[in-house]
Undergrad: 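This is the structure, below, for whatever I ask next.
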Protein chains: 2
Amino acid sequence: MKLSSKGRYAVTAMLDLAFHSKKGPVPLAEISERQDISLSYLEQLFSKLRRTNLVASVRGPGGGYTLNREPENLFVGEIIQAVNENIDATKCSGKSDCKGGEKCLTHNLWENLSDRISDFLNQISLQELMQKRDVKEVVGRQSCYQSSVIVTDLEKTTIDTKLNVL
Amino acid sequence: MKLSSKGRYAVTAMLDLAFHSKKGPVPLAEISERQDISLSYLEQLFSKLRRTNLVASVRGPGGGYTLNREPENLFVGEIIQAVNENIDATKCSGKSDCKGGEKCLTHNLWENLSDRISDFLNQISLQELMQKRDVKEVVGRQSCYQSSVIVTDLEKTTIDTKLNVL
DNA sequence: TATTTAACCAAGTAAATTAGTCAAGTATTG
DNA sequence: CAATACTTGACTAATTTACTTGGTTAAATA
């Protein structure tokens, strides 16, 4: 999982699409103007988004792009992954020329982390972003806020505090 | 928050350091060899890690780097942020030449997301990574799995486990 | 004190990625 | 058929990444 301004462009464009595609396809030219992203760069990004079936396209006059899924089922992680080439997670990816030991250990640890980030981003839907709540206040789907059952007040405070952060 | 192989190098090196710095400073040459990262690149990364006080250095023979904090209080987000230049989050950062409206809306939505990712990464400690558990089994705090109010003992155990992990 | 070790520092560089342009297509509508 | 608008590919400048080279400085040890 890679996170750069490229992914930001993609998510931004998809958000714009989510806001405007209810009344039919949205041409890239509109997104380009509204979000100030060059048309041809958008073309490249949407080419990838289409290949991964996140959007559908309609050609000809009146055409454009639409989301291929409901915003609540379309996740940020998917968008970011779609536009980024796979980053070689381990350098020795799978191969046995890693001489084992130390190196592969940390490689695995990174993969572990990478998976977690990926999982995290795949829990954030476009829908959720569209609601634009203050994250610090609204914990959202990632919360286990009310999962504690019988805890002491002290413990409860600690848990709440921790959860507030996320 | 940017996430690239540069951050991976930094986290990898810090993990290596965490594993080896208990008996005194670790020279970069060792990390370089173990993790197969060029020495001079490590120097650049550690220069930044030192400036942000994540590591401390000892010069001269027998010298090297040590973690400047306990692994349980040193978080992945800090490491990644330390080695990356700040990415311009909104392009119109703060300025009022954004013409308001649509563009700034999605800009804000991205910032929102960016903050969440940042918060997430700042909850994952080196300590935790060192324990190298299988993430796919342990969903961690990000799950709402059992947010029901009345849970069985078995479920409670699960919750505890999950909380322990993150 | 001389030598070794290893951090610290700066400049430069090849490769990759980013962000964008340009110029052709092709499909659809009217 | 003509206009519209998506699609594709090749090409490019700017930036970033990962690394190299060639030092200087501080500390330990012989």
Side-chain angles (χ1 to χ4, degrees), chain A residues 1-13 17 20-21 24-33 35-66 68 80-88 90-91, chain B residues 1-13 17 20-21 24-68 80 82-88 91:
Chain A
M1 179 62 60
K2 208 160 95 180
L3 200 62
S4 61
S5 50
K6 192 176 191 173
R8 190 185 71 231
Y9 279 116
V11 173
T12 300
L17 194 53
H20 293 93
S21 67
V26 179
L28 292 188
E30 279 185 22
I31 301 179
S32 169
E33 180 155 359
Q35 303 304 331
D36 197 26
I37 305 171
S38 96
L39 177 59
S40 41
Y41 197 42
L42 278 179
E43 284 170 353
Q44 286 177 43
L45 298 178
F46 274 78
S47 165
K48 291 178 178 177
L49 292 171
R50 206 183 67 94
R51 258 174 271 163
T52 49
N53 288 313
L54 297 182
V55 297
S57 64
V58 179
R59 301 177 79 152
Y65 287 92
T66 50
N68 213 5
I80 292 173
Q81 206 138 33
V83 299
N84 284 307
E85 319 303 328
N86 278 18
I87 193 171
D88 57 329
T90 52
K91 208 173 198 176
Chain B
M1 178 63 59
K2 206 160 94 181
L3 200 63
S4 62
S5 50
K6 192 175 191 174
R8 189 185 71 231
Y9 280 115
V11 172
T12 300
L17 194 54
H20 295 92
S21 68
V26 178
L28 292 188
E30 280 185 21
I31 301 180
S32 170
E33 180 155 0
R34 273 195 298 262
Q35 303 304 331
D36 196 27
I37 305 171
S38 96
L39 176 59
S40 42
Y41 195 43
L42 278 178
E43 282 174 354
Q44 286 176 42
L45 297 178
F46 273 79
S47 166
K48 292 179 178 177
L49 293 171
R50 206 182 67 94
R51 258 174 270 161
T52 49
N53 287 315
L54 297 182
V55 298
S57 64
V58 180
R59 301 177 76 152
Y65 286 93
T66 51
L67 292 183
N68 214 3
I80 291 174
V83 298
N84 284 307
E85 318 304 329
N86 279 17
I87 193 172
D88 56 332
K91 209 172 198 175

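In what follows, chains are A, B, ... by sequence order, proteins preceding strands, each numbered from 1. Keep in mind the model is a prediction, meaning the values are calculated, not measured.
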Undergrad: Got a donor-acceptor contact below 3.5 angstrom from the A:S21 side chain to the A:L17 backbone?
TA: yes

Undergrad: What is the distance, to the nearest angstrom, from the CD1 atom on B:I37 to the P atom on D:dA18?
TA: 10 Å

Undergrad: Would you indicate which nucleotide in C:dT21, C:dT18, D:dC6 comes nearest to any side-chain atom of A:Q44?
TA: C:dT21

Undergrad: Using whole Å, what does the distance between atom P of nucleotide C:dC9 and atom CG of B:L42 come to?
TA: 16 Å

Undergrad: I want to confirm an ordering. Mapping B:L39 and A:L39 to their closest nucleotides on DNA chain C, which one lands closer to the 5' end?
TA: B:L39

Undergrad: How many Å lie between CZ on A:F46 and P on D:dT8, as a whole number?
TA: 14 Å

Undergrad: To the closest 0.5 Å, what do you measure between CZ (A:R8) and NZ (B:K2)?
TA: 10.5 Å

Undergrad: Looking across every strand, which nucleic acid part, if any, lies under 4.0 Å from B:Y65 by heavy atom: base, sugar-phosphate, or nothing?
TA: sugar-phosphate

Undergrad: For A:I31 and A:F46, what are the C-alpha separation, side-chain angles and deciding distance, and is it a side chain to side chain contact (heavy atoms under 4.5 Å, CB included)?
TA: CA-CA 11 Å; A:I31 301 179; A:F46 274 78; 4.1 Å; yes

Undergrad: Rounded to the nearest angstrom, tell me the gap between atom NZ in B:K48 and atom P in C:dC9.
TA: 13 Å

Undergrad: D:dC19 phosphate, OP1 or OP2: any side-chain N/O from B:Y41 under 4.0 angstrom?
TA: no

Undergrad: So how far is it from B:Y41 OH to B:K6 NZ, rounded to the nearest 0.5 Å?
TA: 5.0 Å

Undergrad: Without decimals, in angstroms, what is the distance between B:I31 CD1 and C:dA6 P?
TA: 12 Å

Undergrad: With a 4.0 Å limit, can you tell me whether B:S4 has a side-chain N or O closer than that to the phosphate oxygens OP1/OP2 of D:dT16?
TA: no

Undergrad: Between B:K2 and D:dT17, does any side-chain N or O lie under 4.0 Å from OP1 or OP2?
TA: yes

Undergrad: How does each nucleotide of nucleotides 22-30 of chain C score, in 5' to 3' order, for protein heavy atoms under 4.0 Å: base (B), sugar-phosphate only (S), or none (-)?
TA: ---BBSBS-

Undergrad: Starting the side chain at C-beta, find the nucleotide from C:dA7, C:dT21, D:dT17 nearest to B:S57.
TA: C:dA7

Undergrad: If I take atom OG1 from residue B:T12 and atom CG from residue B:D36, how far apart are they, to the nearest 0.5 angstrom?
TA: 11.0 Å

Undergrad: Using 0.5 Å steps for rounding, measure from the CG atom of A:N84 to the NZ atom of A:K48.
TA: 7.5 Å

Undergrad: Rounded to whole Å, please give me the gap between OH in B:Y9 and P in D:dT17.
TA: 12 Å

Undergrad: Figure out the CD/P separation between A:E33 and D:dA5, and round it to whole Å.
TA: 14 Å

Undergrad: List the steps and the verdict of side chain to side chain contact (heavy atoms under 4.5 Å, CB included) for A:E43 and A:S47.
TA: CA-CA 6 Å; A:E43 284 170 353; A:S47 165; over 6 Å; no

Undergrad: Check this one for me: any side-chain N or O of B:S5 less than 4.0 Å away from OP1 or OP2 of D:dT17?
TA: no

Undergrad: For B:N84 and D:dT15, give me the distance from atom CG to atom P, rounded to whole Å.
TA: 18 Å

